[in-house]
Amino acid sequence: TNLIEAHTNLLPIPLFLQNICHRAIVHLSAHPKNHPLHQPVRQAAKHLVSSHRLALHKLTHLFSITPDNIKTLIPDRRPSTTHLSFKTHIAESRELAIKENKNATEQIQIYCDGSGYKGNIGAAAILFRAGKHPHTLRYQLGTDKEHTVYKAEEVSVVLAAHLL
């Protein structure tokens, strides 16, 4: 089975289960204060009881998780009618995109794309700020046998977000 796991790029079962447990306790530790599990997770991390241990006790101490050291990010939820401070646009053709770019007046412009060329898959993003040199990020994912253009498109959006 070790040979099969190595060829299929799978972790051995004990490591795989350890990753699942670690992910679970980090997820539980990141709950906001108004979540019902917020307080029990923090109490379990502070005190390792000698009897009647819960999975929360075992996991927080096994991975040395301190919930107070984990930052909780609460997403900003808005109704669909909210006006956004940015706009997105995809031109219908290359020529139209070049023309629109020349006439653009926005202070910040960012472009991103993922594509395949000569058997390789890659992603790129470029940031233009008025009066400054453009910043570019590129990432080669690998061959088209291992990756898809759709994955490259997703990576390009992450690169664009990193530039901002």
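Judged as a side-chain hydrogen bond (donor to acceptor under 3.5 Å, both in side chains), the pairs with a partner in residues 51-70 (not counting sequence neighbours) are, in order, R42-D68. For residues 147-164, the side-chain hydrogen bond (donor to acceptor under 3.5 Å, both in side chains) pairs, not counting sequence neighbours, are H147-K151.
Each of I110, T136, V158 was evaluated against L163; a single residue qualifies, I110, per the side-chain contact (heavy atoms from CB on, under 4.5 Å) test. Across D113, L127, L137, a single residue satisfies side-chain contact (heavy atoms from CB on, under 4.5 Å) together with L159, and that is L137.
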Under 3.5 Å donor-acceptor pairs involving side-chain atoms of residues 15-37, not counting sequence neighbours:
unit_1 : atom_1 : unit_2 : atom_2 : d
S29    : OG     : I25    : O      : 2.8
H35    : ND1    : L37    : N      : 3.0

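The environment of OH in Y139 is sparse: at most 12 heavy-atom neighbours from other residues, nucleotides or ligands sit within 6.0 Å. Within a 6.0 Å sphere centred on CD of E146, heavy atoms belonging to other residues, nucleotides or ligands number more than 12.
Counting side-chain heavy-atom gaps under 4.5 Å among Ile, Leu, Val, Met, Phe, Trp and Tyr, V49 is found in no cluster with other residues. Cluster partners of Y111, using a side-chain heavy-atom cutoff of under 4.5 Å among ILVMFWY residues and allowing indirect links, are I126, F128. Cluster partners of V157 are absent, since no Ile, Leu, Val, Met, Phe, Trp or Tyr has side-chain heavy atoms less than 4.5 Å from it.
At a threshold of 4.5 Å between non-hydrogen side-chain atoms, the residues V155 and L141 count as touching.
To the nearest 0.5 Å, atoms CG (L96) and CG (N101) are separated by 11.0 Å. Interatomic distance, L54 CG to Q43 CD, rounded to the nearest 0.5 Å: 10.5 Å. Going from atom CD of E92 over to atom CD of E100 covers 8.5 Å, rounded to the nearest 0.5 Å.
Here the shortest heavy-atom pairing between A152 and A123 reads O-CB, 3.3 Å. Residue I65 comes nearest to P67 through the heavy atom pair O-CD, 3.6 Å, listed as atom of the first residue, atom of the second, then distance.
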task: Go through V149 and I121 one step at a time and tell me if the side-chain contact (heavy atoms from CB on, under 4.5 Å) criterion holds.
output: CA-CA 6 Å; V149 173; I121 303 293; 3.9 Å; yes

